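If you're wondering where the values come from, they're calculated on a predicted model, not measured in any experiment. First the proteins, then the strands, lettered A, B, ... as listed; each starts at 1.
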Protein chains: 2
Amino acid sequence: METDLPSSLATLAPIARRPLHEAAIDRLRDLIVQGELPPGSRLNERVLAGRLGISRTPLREAFKLLAAEGLVELLPNRGAIVAQLDPKRIGQTLAVMGALEALIGELACKQAPETAIAEIRALHFEMRAAHARRDLAVYFRYNQAIHLKLAEAAGNAVLALTYRQLNANVRRVRYMANLSPERWDAAVREHDAILAALGARDGSRLKALLSDHLAQKTASVLAALAERPAMAAA
Amino acid sequence: METDLPSSLATLAPIARRPLHEAAIDRLRDLIVQGELPPGSRLNERVLAGRLGISRTPLREAFKLLAAEGLVELLPNRGAIVAQLDPKRIGQTLAVMGALEALIGELACKQAPETAIAEIRALHFEMRAAHARRDLAVYFRYNQAIHLKLAEAAGNAVLALTYRQLNANVRRVRYMANLSPERWDAAVREHDAILAALGARDGSRLKALLSDHLAQKTASVLAALAERPAMAAA
DNA sequence: CCTATAAGTTTTGCATGCAGAATACAAAAC
DNA sequence: GTTTTGTATTCTGCATGCAAAACTTATAGG
(Lines give C-alpha, C1' and ligand atoms only; values in the text may rest on other atoms or scores of the structure.)
Protein backbone atom coordinates (compact mmCIF):
# COMPACT_ATOMS: atom_id res chain seq x y z
CA MET A 1 0.00 0.00 0.00
CA GLU A 2 0.93 3.61 -0.34
CA THR A 3 2.30 5.34 2.67
CA ASP A 4 0.73 8.62 3.64
CA LEU A 5 2.74 11.56 2.50
CA PRO A 6 2.92 15.12 3.69
CA SER A 7 0.64 17.09 1.40
CA SER A 8 3.59 19.08 0.18
CA LEU A 9 5.03 15.90 -1.24
CA ALA A 10 1.76 14.42 -2.36
CA THR A 11 1.12 17.38 -4.62
CA LEU A 12 4.68 17.54 -5.83
CA ALA A 13 4.78 17.55 -9.60
CA PRO A 14 6.98 14.86 -11.09
CA ILE A 15 10.14 15.97 -12.80
CA ALA A 16 9.29 15.83 -16.45
CA ARG A 17 12.02 14.28 -18.53
CA ARG A 18 10.97 15.52 -21.94
CA PRO A 19 11.74 13.30 -24.93
CA LEU A 20 14.32 14.91 -27.16
CA HIS A 21 12.23 14.63 -30.30
CA GLU A 22 9.48 16.68 -28.68
CA ALA A 23 11.87 19.39 -27.65
CA ALA A 24 13.28 19.40 -31.16
CA ILE A 25 9.80 19.68 -32.66
CA ASP A 26 8.94 22.67 -30.51
CA ARG A 27 12.20 24.42 -31.25
CA LEU A 28 11.98 23.80 -34.97
CA ARG A 29 8.32 24.73 -35.15
CA ASP A 30 9.04 28.06 -33.55
CA LEU A 31 11.93 28.69 -35.90
CA ILE A 32 9.80 27.84 -38.91
CA VAL A 33 6.68 29.70 -37.85
CA GLN A 34 8.63 32.79 -36.97
CA GLY A 35 10.41 32.66 -40.27
CA GLU A 36 13.92 32.25 -38.90
CA LEU A 37 14.10 29.13 -41.00
CA PRO A 38 12.72 30.52 -44.25
CA PRO A 39 10.64 28.44 -46.64
CA GLY A 40 12.80 26.17 -48.72
CA SER A 41 15.72 26.07 -46.28
CA ARG A 42 17.53 22.79 -46.35
CA LEU A 43 17.57 21.07 -42.97
CA ASN A 44 20.89 19.29 -42.78
CA GLU A 45 20.66 16.55 -40.22
CA ARG A 46 24.21 16.62 -38.96
CA VAL A 47 24.38 20.39 -38.74
CA LEU A 48 21.01 20.82 -37.05
CA ALA A 49 21.58 17.94 -34.67
CA GLY A 50 24.85 19.51 -33.66
CA ARG A 51 23.26 22.89 -33.15
CA LEU A 52 20.45 21.42 -31.04
CA GLY A 53 22.85 19.28 -29.10
CA ILE A 54 21.11 16.01 -29.92
CA SER A 55 21.80 13.13 -32.24
CA ARG A 56 20.28 12.58 -35.64
CA THR A 57 17.83 9.95 -34.45
CA PRO A 58 15.40 12.12 -32.48
CA LEU A 59 15.90 14.92 -34.98
CA ARG A 60 14.75 12.70 -37.82
CA GLU A 61 11.67 11.80 -35.79
CA ALA A 62 10.98 15.49 -35.40
CA PHE A 63 11.30 16.01 -39.16
CA LYS A 64 8.71 13.37 -39.87
CA LEU A 65 6.23 14.74 -37.37
CA LEU A 66 6.69 18.28 -38.63
CA ALA A 67 6.11 16.96 -42.13
CA ALA A 68 2.81 15.53 -40.92
CA GLU A 69 1.96 18.99 -39.64
CA GLY A 70 2.79 20.45 -43.03
CA LEU A 71 5.66 22.61 -41.84
CA VAL A 72 8.41 20.52 -43.38
CA GLU A 73 8.70 18.74 -46.68
CA LEU A 74 10.57 15.46 -46.93
CA LEU A 75 12.39 14.71 -50.16
CA PRO A 76 13.16 10.99 -50.23
CA ASN A 77 16.89 10.37 -50.03
CA ARG A 78 17.45 14.09 -50.37
CA GLY A 79 16.64 15.41 -46.98
CA ALA A 80 14.14 17.78 -45.46
CA ILE A 81 13.36 21.38 -46.32
CA VAL A 82 11.12 23.97 -44.72
CA ALA A 83 7.79 23.78 -46.53
CA GLN A 84 7.03 26.52 -48.99
CA LEU A 85 4.23 28.94 -48.29
CA ASP A 86 1.96 27.81 -51.07
CA PRO A 87 -0.90 30.32 -51.42
CA LYS A 88 -3.23 27.63 -52.69
CA ARG A 89 -2.51 25.41 -49.74
CA ILE A 90 -2.80 28.26 -47.28
CA GLY A 91 -6.14 29.17 -48.79
CA GLN A 92 -7.31 25.59 -48.43
CA THR A 93 -6.11 25.50 -44.84
CA LEU A 94 -8.04 28.66 -44.05
CA ALA A 95 -11.17 27.17 -45.59
CA VAL A 96 -10.89 24.16 -43.32
CA MET A 97 -10.28 26.40 -40.34
CA GLY A 98 -13.47 28.21 -41.26
CA ALA A 99 -15.44 24.99 -41.08
CA LEU A 100 -13.89 24.25 -37.70
CA GLU A 101 -14.57 27.74 -36.38
CA ALA A 102 -18.23 27.36 -37.20
CA LEU A 103 -18.33 24.36 -34.90
CA ILE A 104 -16.16 26.12 -32.34
CA GLY A 105 -18.55 29.06 -32.23
CA GLU A 106 -21.56 26.88 -31.70
CA LEU A 107 -20.02 24.64 -29.09
CA ALA A 108 -18.30 27.42 -27.20
CA CYS A 109 -21.59 29.26 -26.76
CA LYS A 110 -23.31 26.11 -25.60
CA GLN A 111 -20.66 24.56 -23.41
CA ALA A 112 -17.93 26.95 -22.42
CA PRO A 113 -17.71 27.46 -18.66
CA GLU A 114 -17.94 31.07 -17.52
CA THR A 115 -14.35 30.92 -16.35
CA ALA A 116 -13.18 30.19 -19.89
CA ILE A 117 -15.18 33.10 -21.24
CA ALA A 118 -13.75 35.31 -18.53
CA GLU A 119 -10.25 34.27 -19.52
CA ILE A 120 -10.98 35.05 -23.16
CA ARG A 121 -12.33 38.42 -22.14
CA ALA A 122 -9.16 39.12 -20.23
CA LEU A 123 -7.05 38.14 -23.22
CA HIS A 124 -9.22 40.35 -25.38
CA PHE A 125 -8.43 43.42 -23.31
CA GLU A 126 -4.75 42.57 -23.24
CA MET A 127 -4.98 42.45 -26.99
CA ARG A 128 -6.73 45.80 -27.13
CA ALA A 129 -3.99 47.24 -24.94
CA ALA A 130 -1.39 46.02 -27.41
CA HIS A 131 -3.43 47.51 -30.22
CA ALA A 132 -3.59 50.85 -28.42
CA ARG A 133 0.19 50.76 -28.10
CA ARG A 134 0.52 49.70 -31.75
CA ASP A 135 2.58 46.78 -30.54
CA LEU A 136 2.05 44.33 -33.38
CA ALA A 137 4.05 41.45 -31.94
CA VAL A 138 2.21 41.43 -28.64
CA TYR A 139 -1.08 41.95 -30.45
CA PHE A 140 -0.44 38.82 -32.51
CA ARG A 141 0.37 36.81 -29.44
CA TYR A 142 -2.89 37.70 -27.71
CA ASN A 143 -4.83 37.35 -30.92
CA GLN A 144 -3.54 33.81 -31.33
CA ALA A 145 -4.17 33.08 -27.68
CA ILE A 146 -7.79 34.18 -28.00
CA HIS A 147 -8.49 32.00 -31.00
CA LEU A 148 -6.82 28.99 -29.44
CA LYS A 149 -8.55 29.53 -26.12
CA LEU A 150 -11.86 29.78 -27.92
CA ALA A 151 -11.13 26.48 -29.65
CA GLU A 152 -10.44 24.94 -26.26
CA ALA A 153 -13.54 26.48 -24.77
CA ALA A 154 -15.64 24.41 -27.14
CA GLY A 155 -14.80 21.45 -24.95
CA ASN A 156 -13.79 19.21 -27.82
CA ALA A 157 -10.16 18.17 -27.59
CA VAL A 158 -10.01 16.76 -31.10
CA LEU A 159 -11.42 19.98 -32.47
CA ALA A 160 -8.92 22.10 -30.57
CA LEU A 161 -6.00 19.95 -31.64
CA THR A 162 -6.97 19.94 -35.29
CA TYR A 163 -7.52 23.67 -35.28
CA ARG A 164 -4.22 24.28 -33.59
CA GLN A 165 -2.28 22.30 -36.14
CA LEU A 166 -3.84 24.00 -39.12
CA ASN A 167 -3.26 27.32 -37.45
CA ALA A 168 0.49 26.82 -37.27
CA ASN A 169 0.68 26.77 -41.04
CA VAL A 170 -1.17 30.03 -41.40
CA ARG A 171 0.68 31.80 -38.64
CA ARG A 172 3.86 31.65 -40.69
CA VAL A 173 2.46 34.22 -43.08
CA ARG A 174 1.70 36.64 -40.31
CA TYR A 175 5.29 36.87 -39.26
CA MET A 176 6.22 37.96 -42.75
CA ALA A 177 3.37 40.25 -43.60
CA ASN A 178 2.53 43.52 -42.00
CA LEU A 179 -1.03 44.55 -41.31
CA SER A 180 -2.45 47.75 -42.72
CA PRO A 181 -3.65 50.15 -39.99
CA GLU A 182 -7.18 50.03 -41.38
CA ARG A 183 -7.28 46.25 -41.43
CA TRP A 184 -5.85 46.19 -37.93
CA ASP A 185 -8.52 48.50 -36.60
CA ALA A 186 -11.22 46.54 -38.38
CA ALA A 187 -9.92 43.29 -36.95
CA VAL A 188 -10.13 44.70 -33.44
CA ARG A 189 -13.72 45.78 -34.04
CA GLU A 190 -14.52 42.30 -35.28
CA HIS A 191 -13.04 40.89 -32.11
CA ASP A 192 -15.21 43.21 -30.05
CA ALA A 193 -18.27 41.80 -31.74
CA ILE A 194 -17.02 38.24 -31.34
CA LEU A 195 -16.50 38.72 -27.62
CA ALA A 196 -19.97 40.24 -27.26
CA ALA A 197 -21.60 37.31 -29.04
CA LEU A 198 -19.69 34.85 -26.90
CA GLY A 199 -20.63 36.70 -23.72
CA ALA A 200 -24.26 36.59 -24.81
CA ARG A 201 -23.81 32.93 -25.78
CA ASP A 202 -25.39 33.67 -29.11
CA GLY A 203 -24.09 30.72 -31.10
CA SER A 204 -25.43 31.57 -34.53
CA ARG A 205 -24.24 35.15 -34.31
CA LEU A 206 -20.80 34.08 -33.11
CA LYS A 207 -20.62 31.62 -35.97
CA ALA A 208 -21.41 34.35 -38.49
CA LEU A 209 -18.95 36.77 -36.95
CA LEU A 210 -16.16 34.21 -36.92
CA SER A 211 -16.88 33.36 -40.52
CA ASP A 212 -16.69 37.00 -41.48
CA HIS A 213 -13.55 37.54 -39.46
CA LEU A 214 -11.87 34.61 -41.13
CA ALA A 215 -12.92 35.79 -44.58
CA GLN A 216 -11.21 39.11 -43.91
CA LYS A 217 -8.18 37.36 -42.58
CA THR A 218 -8.05 35.11 -45.62
CA ALA A 219 -8.11 38.10 -47.94
CA SER A 220 -5.37 39.80 -45.98
CA VAL A 221 -3.19 36.71 -45.77
CA LEU A 222 -3.51 35.87 -49.44
CA ALA A 223 -2.81 39.47 -50.39
CA ALA A 224 0.33 39.39 -48.29
CA LEU A 225 1.38 36.17 -49.99
CA ALA A 226 0.73 37.56 -53.44
CA GLU A 227 3.27 40.27 -52.77
CA ARG A 228 6.10 37.86 -52.32
CA PRO A 229 5.13 35.06 -54.68
CA ALA A 230 7.74 32.40 -53.92
CA MET A 231 10.28 32.81 -51.22
CA ALA A 232 13.45 31.04 -52.13
CA ALA A 233 15.66 29.13 -49.75
CA ALA A 234 18.14 30.93 -47.55
CA MET B 1 20.33 19.71 -72.51
CA GLU B 2 18.10 16.72 -72.48
CA THR B 3 18.38 14.29 -75.31
CA ASP B 4 15.21 13.18 -76.96
CA LEU B 5 14.12 9.82 -75.78
CA PRO B 6 11.94 7.19 -77.32
CA SER B 7 8.50 7.79 -75.88
CA SER B 8 8.61 4.40 -74.21
CA LEU B 9 11.47 5.67 -72.08
CA ALA B 10 10.15 9.19 -71.64
CA THR B 11 7.01 7.86 -70.01
CA LEU B 12 8.85 5.30 -67.94
CA ALA B 13 7.83 5.50 -64.33
CA PRO B 14 10.71 5.75 -61.87
CA ILE B 15 11.30 2.84 -59.53
CA ALA B 16 9.83 3.89 -56.22
CA ARG B 17 11.83 2.84 -53.19
CA ARG B 18 9.41 3.20 -50.31
CA PRO B 19 10.81 4.29 -46.92
CA LEU B 20 10.47 1.57 -44.32
CA HIS B 21 8.71 3.76 -41.79
CA GLU B 22 5.93 4.44 -44.26
CA ALA B 23 5.46 0.79 -45.00
CA ALA B 24 5.39 0.11 -41.28
CA ILE B 25 2.79 2.83 -40.74
CA ASP B 26 0.49 1.40 -43.37
CA ARG B 27 0.83 -2.12 -42.05
CA LEU B 28 0.25 -1.10 -38.46
CA ARG B 29 -2.61 1.22 -39.31
CA ASP B 30 -4.40 -1.61 -41.07
CA LEU B 31 -3.80 -3.96 -38.18
CA ILE B 32 -5.13 -1.41 -35.70
CA VAL B 33 -8.11 -0.25 -37.73
CA GLN B 34 -9.18 -3.79 -38.46
CA GLY B 35 -8.86 -4.70 -34.83
CA GLU B 36 -6.19 -7.33 -35.22
CA LEU B 37 -4.18 -5.29 -32.78
CA PRO B 38 -6.86 -4.68 -30.17
CA PRO B 39 -7.05 -1.48 -28.12
CA GLY B 40 -4.55 -1.52 -25.32
CA SER B 41 -2.17 -4.02 -26.93
CA ARG B 42 1.41 -3.39 -26.03
CA LEU B 43 3.60 -2.78 -29.05
CA ASN B 44 6.95 -4.26 -28.19
CA GLU B 45 9.60 -2.70 -30.37
CA ARG B 46 11.92 -5.66 -30.71
CA VAL B 47 9.14 -8.15 -31.34
CA LEU B 48 7.27 -6.01 -33.85
CA ALA B 49 10.44 -4.97 -35.65
CA GLY B 50 11.38 -8.61 -35.98
CA ARG B 51 7.96 -9.53 -37.29
CA LEU B 52 7.98 -6.70 -39.83
CA GLY B 53 11.53 -7.49 -40.83
CA ILE B 54 12.85 -4.02 -40.08
CA SER B 55 14.93 -2.49 -37.33
CA ARG B 56 13.62 -0.54 -34.38
CA THR B 57 14.55 2.84 -35.82
CA PRO B 58 11.94 3.12 -38.59
CA LEU B 59 9.43 1.32 -36.40
CA ARG B 60 9.77 3.95 -33.70
CA GLU B 61 9.21 6.63 -36.31
CA ALA B 62 6.03 4.85 -37.31
CA PHE B 63 4.88 4.75 -33.67
CA LYS B 64 5.25 8.47 -33.31
CA LEU B 65 3.39 9.24 -36.50
CA LEU B 66 0.58 6.85 -35.59
CA ALA B 67 0.40 8.56 -32.21
CA ALA B 68 -0.09 11.86 -34.02
CA GLU B 69 -2.95 10.21 -35.89
CA GLY B 70 -4.45 9.10 -32.60
CA LEU B 71 -4.19 5.39 -33.28
CA VAL B 72 -1.34 4.73 -30.87
CA GLU B 73 -0.62 6.01 -27.41
CA LEU B 74 2.95 6.62 -26.31
CA LEU B 75 3.75 6.05 -22.66
CA PRO B 76 7.08 7.76 -21.94
CA ASN B 77 9.76 5.21 -21.13
CA ARG B 78 7.13 2.52 -21.12
CA GLY B 79 6.47 1.95 -24.76
CA ALA B 80 3.57 2.22 -27.11
CA ILE B 81 0.11 0.72 -26.91
CA VAL B 82 -2.80 0.66 -29.32
CA ALA B 83 -5.02 3.60 -28.39
CA GLN B 84 -8.20 2.81 -26.52
CA LEU B 85 -11.53 3.43 -28.18
CA ASP B 86 -12.68 6.22 -25.94
CA PRO B 87 -16.36 6.94 -26.63
CA LYS B 88 -15.92 10.55 -25.66
CA ARG B 89 -13.05 11.01 -28.04
CA ILE B 90 -14.83 9.16 -30.84
CA GLY B 91 -17.84 11.40 -30.35
CA GLN B 92 -15.64 14.46 -30.54
CA THR B 93 -13.98 13.15 -33.67
CA LEU B 94 -17.34 12.59 -35.30
CA ALA B 95 -18.39 16.12 -34.43
CA VAL B 96 -15.32 17.50 -36.16
CA MET B 97 -15.95 15.26 -39.16
CA GLY B 98 -19.42 16.73 -39.30
CA ALA B 99 -18.02 20.23 -39.57
CA LEU B 100 -15.70 19.06 -42.33
CA GLU B 101 -18.46 17.26 -44.19
CA ALA B 102 -20.49 20.44 -44.29
CA LEU B 103 -17.65 22.09 -46.16
CA ILE B 104 -17.11 19.00 -48.28
CA GLY B 105 -20.73 19.01 -49.35
CA GLU B 106 -20.64 22.64 -50.35
CA LEU B 107 -17.35 22.51 -52.20
CA ALA B 108 -18.05 19.22 -53.91
CA CYS B 109 -21.26 20.56 -55.40
CA LYS B 110 -19.50 23.69 -56.56
CA GLN B 111 -16.23 22.33 -57.78
CA ALA B 112 -16.25 18.60 -58.34
CA PRO B 113 -15.57 17.65 -61.94
CA GLU B 114 -18.20 15.47 -63.54
CA THR B 115 -15.72 12.63 -63.74
CA ALA B 116 -15.39 12.59 -59.98
CA ILE B 117 -19.14 12.52 -59.54
CA ALA B 118 -19.35 9.70 -62.06
CA GLU B 119 -16.78 7.77 -60.07
CA ILE B 120 -18.71 8.29 -56.87
CA ARG B 121 -21.86 7.14 -58.62
CA ALA B 122 -20.08 3.99 -59.72
CA LEU B 123 -18.87 3.33 -56.19
CA HIS B 124 -22.39 3.93 -54.94
CA PHE B 125 -23.80 1.16 -57.10
CA GLU B 126 -21.00 -1.17 -56.13
CA MET B 127 -21.99 -0.45 -52.56
CA ARG B 128 -25.63 -1.15 -53.29
CA ALA B 129 -24.61 -4.42 -54.86
CA ALA B 130 -22.80 -5.37 -51.69
CA HIS B 131 -25.83 -4.36 -49.68
CA ALA B 132 -28.07 -6.52 -51.87
CA ARG B 133 -25.74 -9.44 -51.19
CA ARG B 134 -25.65 -8.57 -47.49
CA ASP B 135 -21.89 -8.54 -47.76
CA LEU B 136 -21.00 -6.25 -44.88
CA ALA B 137 -17.25 -6.20 -45.39
CA VAL B 138 -17.45 -5.18 -49.02
CA TYR B 139 -20.22 -2.73 -48.18
CA PHE B 140 -17.94 -1.02 -45.67
CA ARG B 141 -15.13 -0.80 -48.15
CA TYR B 142 -17.26 0.95 -50.75
CA ASN B 143 -18.95 3.09 -48.14
CA GLN B 144 -15.55 4.33 -46.98
CA ALA B 145 -14.41 4.80 -50.55
CA ILE B 146 -17.44 6.97 -51.30
CA HIS B 147 -16.91 9.25 -48.33
CA LEU B 148 -13.21 9.62 -49.03
CA LYS B 149 -13.80 10.20 -52.72
CA LEU B 150 -16.35 12.84 -51.86
CA ALA B 151 -13.81 14.53 -49.63
CA GLU B 152 -11.34 14.53 -52.51
CA ALA B 153 -13.97 15.80 -54.92
CA ALA B 154 -14.17 19.01 -52.93
CA GLY B 155 -10.84 19.90 -54.45
CA ASN B 156 -9.24 20.87 -51.15
CA ALA B 157 -6.28 18.67 -50.33
CA VAL B 158 -5.98 19.86 -46.75
CA LEU B 159 -9.64 19.12 -46.19
CA ALA B 160 -9.36 15.65 -47.66
CA LEU B 161 -6.28 14.83 -45.62
CA THR B 162 -7.74 16.05 -42.36
CA TYR B 163 -10.97 14.18 -42.97
CA ARG B 164 -9.10 11.03 -43.85
CA GLN B 165 -7.10 11.08 -40.67
CA LEU B 166 -10.06 11.59 -38.40
CA ASN B 167 -11.90 8.89 -40.25
CA ALA B 168 -9.29 6.25 -39.44
CA ASN B 169 -10.07 6.62 -35.77
CA VAL B 170 -13.77 6.07 -36.29
CA ARG B 171 -13.39 3.21 -38.69
CA ARG B 172 -11.95 1.09 -35.91
CA VAL B 173 -15.34 0.88 -34.26
CA ARG B 174 -16.99 -0.38 -37.41
CA TYR B 175 -14.84 -3.44 -37.55
CA MET B 176 -16.01 -4.40 -34.11
CA ALA B 177 -19.64 -3.47 -34.27
CA ASN B 178 -22.29 -5.03 -36.40
CA LEU B 179 -24.96 -2.97 -38.07
CA SER B 180 -28.62 -3.67 -37.47
CA PRO B 181 -30.48 -4.57 -40.67
CA GLU B 182 -32.79 -1.59 -40.23
CA ARG B 183 -29.92 0.83 -39.76
CA TRP B 184 -28.16 -0.69 -42.73
CA ASP B 185 -31.17 -0.21 -44.99
CA ALA B 186 -31.65 3.33 -43.73
CA ALA B 187 -28.00 4.15 -44.39
CA VAL B 188 -28.33 2.98 -47.97
CA ARG B 189 -31.40 5.17 -48.46
CA GLU B 190 -29.47 8.10 -47.03
CA HIS B 191 -26.72 7.42 -49.52
CA ASP B 192 -29.25 7.41 -52.34
CA ALA B 193 -30.35 10.88 -51.33
CA ILE B 194 -26.75 12.04 -50.96
CA LEU B 195 -25.90 10.89 -54.44
CA ALA B 196 -28.98 12.59 -55.87
CA ALA B 197 -28.09 15.89 -54.22
CA LEU B 198 -24.53 15.65 -55.48
CA GLY B 199 -25.71 14.86 -58.99
CA ALA B 200 -28.00 17.88 -58.86
CA ARG B 201 -25.13 19.90 -57.36
CA ASP B 202 -27.48 21.09 -54.65
CA GLY B 203 -24.94 22.14 -52.03
CA SER B 204 -27.23 23.11 -49.21
CA ARG B 205 -29.27 19.94 -49.56
CA LEU B 206 -26.16 17.78 -49.69
CA LYS B 207 -24.86 19.51 -46.60
CA ALA B 208 -28.07 18.77 -44.73
CA LEU B 209 -28.15 15.16 -45.89
CA LEU B 210 -24.55 14.57 -44.89
CA SER B 211 -25.20 16.11 -41.53
CA ASP B 212 -28.18 13.84 -40.98
CA HIS B 213 -26.27 10.81 -42.20
CA LEU B 214 -23.44 11.54 -39.79
CA ALA B 215 -25.84 12.06 -36.91
CA GLN B 216 -27.26 8.60 -37.53
CA LYS B 217 -23.82 7.15 -37.81
CA THR B 218 -22.78 8.82 -34.58
CA ALA B 219 -25.71 7.32 -32.75
CA SER B 220 -24.97 3.88 -34.13
CA VAL B 221 -21.25 4.08 -33.41
CA LEU B 222 -21.69 5.30 -29.87
CA ALA B 223 -24.32 2.68 -29.23
CA ALA B 224 -21.93 0.01 -30.43
CA LEU B 225 -19.24 1.39 -28.14
CA ALA B 226 -21.56 1.49 -25.16
CA GLU B 227 -22.06 -2.25 -25.47
CA ARG B 228 -18.41 -3.00 -24.93
CA PRO B 229 -17.36 -0.21 -22.61
CA ALA B 230 -13.62 -0.74 -22.36
CA MET B 231 -11.85 -3.32 -24.39
CA ALA B 232 -8.86 -4.62 -22.53
CA ALA B 233 -5.57 -5.56 -24.09
CA ALA B 234 -5.11 -8.88 -25.82
C1' DC C 1 0.22 -13.60 5.04
C1' DC C 2 1.34 -9.24 3.44
C1' DT C 3 4.54 -5.48 2.61
C1' DA C 4 8.90 -3.63 1.59
C1' DT C 5 13.46 -4.01 -0.33
C1' DA C 6 16.96 -5.53 -3.49
C1' DA C 7 19.01 -7.98 -7.33
C1' DG C 8 18.29 -9.43 -12.09
C1' DT C 9 16.09 -8.91 -16.48
C1' DT C 10 13.81 -6.56 -20.03
C1' DT C 11 12.75 -2.43 -22.60
C1' DT C 12 13.01 2.04 -24.00
C1' DG C 13 15.63 6.35 -25.57
C1' DC C 14 19.27 7.88 -27.80
C1' DA C 15 23.93 7.83 -30.10
C1' DT C 16 26.73 5.94 -33.43
C1' DG C 17 28.24 3.19 -37.48
C1' DC C 18 27.78 1.68 -42.12
C1' DA C 19 25.92 0.99 -46.93
C1' DG C 20 23.85 3.15 -50.68
C1' DA C 21 21.95 7.22 -52.88
C1' DA C 22 22.65 11.88 -54.27
C1' DT C 23 25.52 15.72 -55.14
C1' DA C 24 29.72 18.16 -56.50
C1' DC C 25 33.64 18.29 -58.98
C1' DA C 26 36.90 17.29 -62.62
C1' DA C 27 38.45 15.43 -66.80
C1' DA C 28 37.46 13.90 -71.37
C1' DA C 29 34.87 13.97 -75.63
C1' DC C 30 32.47 16.49 -78.95
C1' DG D 1 32.61 26.24 -75.12
C1' DT D 2 29.35 22.89 -74.03
C1' DT D 3 28.01 18.46 -72.86
C1' DT D 4 29.08 14.00 -71.14
C1' DT D 5 31.36 10.67 -68.23
C1' DG D 6 33.89 9.20 -64.32
C1' DT D 7 35.33 9.93 -59.46
C1' DA D 8 35.28 11.78 -54.78
C1' DT D 9 32.59 13.54 -51.24
C1' DT D 10 28.54 14.34 -48.65
C1' DC D 11 24.22 13.01 -47.08
C1' DT D 12 20.37 10.17 -45.99
C1' DG D 13 18.22 5.67 -44.43
C1' DC D 14 18.62 2.15 -41.59
C1' DA D 15 20.83 -1.14 -38.26
C1' DT D 16 23.10 -1.72 -34.11
C1' DG D 17 25.14 -0.68 -29.52
C1' DC D 18 24.88 1.25 -24.96
C1' DA D 19 23.09 3.57 -20.75
C1' DA D 20 19.14 4.51 -18.01
C1' DA D 21 14.52 3.58 -16.80
C1' DA D 22 10.93 0.24 -15.87
C1' DC D 23 9.37 -4.24 -14.91
C1' DT D 24 10.06 -8.90 -12.66
C1' DT D 25 11.40 -11.99 -9.44
C1' DA D 26 13.37 -13.21 -5.21
C1' DT D 27 14.23 -12.30 -0.41
C1' DA D 28 13.93 -10.29 4.04
C1' DG D 29 11.10 -8.09 7.53
C1' DG D 30 6.84 -7.13 9.87
Q: Using a heavy-atom cut-off of under 4.0 Å over every strand shown, decide if Leu59(B) touches base, sugar-phosphate, or nothing.
A: nothing

Q: Would you kindly give the CG-to-C1' distance between Leu74(B) and dT12(C), to the nearest whole Å?
A: 12 Å

Q: According to a strict under-4.0 Å criterion, is Ser55(B) in side-chain N/O contact with OP1 or OP2 of dA15(D)?
A: yes

Q: Given that Glu61(A) and Pro76(A) both sit by DNA chain C, which one's nearest nucleotide is further toward the 5' end?
A: Glu61(A)

Q: Applying side-chain contact (heavy atoms from CB on, under 4.5 Å), run through Leu28(A) and Leu59(A) and close with a yes or a no.
A: CA-CA 10 Å; Leu28(A) 290 176; Leu59(A) 180 61; 3.9 Å; yes

Q: Can you find a side chain N or O atom of Arg17(B) that sits less than 4.0 Å from OP1 or OP2 on dA21(C)?
A: no

Q: Which nucleotide in the set dA22(D), dT23(C), dC14(C) lies at the smallest distance from any side-chain heavy atom of His21(A)?
A: dC14(C)

Q: Would you say Arg46(A) reaches dG13(D)'s phosphate, i.e. side-chain N/O to OP1/OP2 under 4.0 Å?
A: no

Q: Please check the phosphate of dC11(D) (OP1 and OP2 only) for any side-chain N or O of Asn44(A) closer than 4.0 Å.
A: yes

Q: What integer distance in Å separates Ile81(B):CD1 from dT11(C):P?
A: 16 Å

Q: Students often mix this up, so state it plainly: with edges at 30° and 60°, are the rings of His147(A) and His191(A) parallel, tilted or perpendicular?
A: perpendicular

Q: Whole-Å distance between dT16(D) P and Ile54(B) CD1?
A: 12 Å

Q: To the nearest Å, how far apart are Arg60(B) CZ and dT16(D) P?
A: 16 Å

Q: Look at the side chain of Arg56(B) against the base of dG13(C) and say whether a donor-acceptor pair falls under 3.5 Å; ignore hydrogens and angles.
A: yes

Q: In terms of heavy-atom contacts, does CZ of Arg164(B) have more than 12 from other residues, nucleotides or ligands at under 6.0 Å?
A: no

Q: Could you please spell out the steps behind the side-chain contact (heavy atoms from CB on, under 4.5 Å) verdict for Lys217(A) and Arg174(A)?
A: CA-CA 10 Å; Lys217(A) 175 169 176 174; Arg174(A) 284 293 165 166; 3.4 Å; yes

Q: Rounded to whole angstrom units, what separation is found between the CZ atom of Arg42(A) and the P atom of dA22(C)?
A: 13 Å

Q: Just by distance, no angles: are the side chains of Asn167(A) and Gln144(A) close enough, under 3.5 Å, to form a donor-acceptor pair?
A: yes

Q: Between Glu45(A) (CD) and dA22(C) (P), how many Å, whole number?
A: 15 Å

Q: Tell me whether the OP1 or OP2 atom of dT11(C) has a side-chain N or O from Arg78(B) closer than 4.0 Å.
A: no

Q: Using heavy-atom distances to pick each residue's nearest nucleotide on DNA chain C, tell me which of Pro58(A) and Asn77(A) is more 5'.
A: Pro58(A)

Q: Please pick, from dT12(D), dC14(C), dA22(D), the nucleotide with the shortest atom-to-atom distance to any side-chain atom of Pro19(A).
A: dC14(C)

Q: Given atom CG of Leu20(A) and atom P of dA21(D), what is their separation to the nearest angstrom?
A: 13 Å

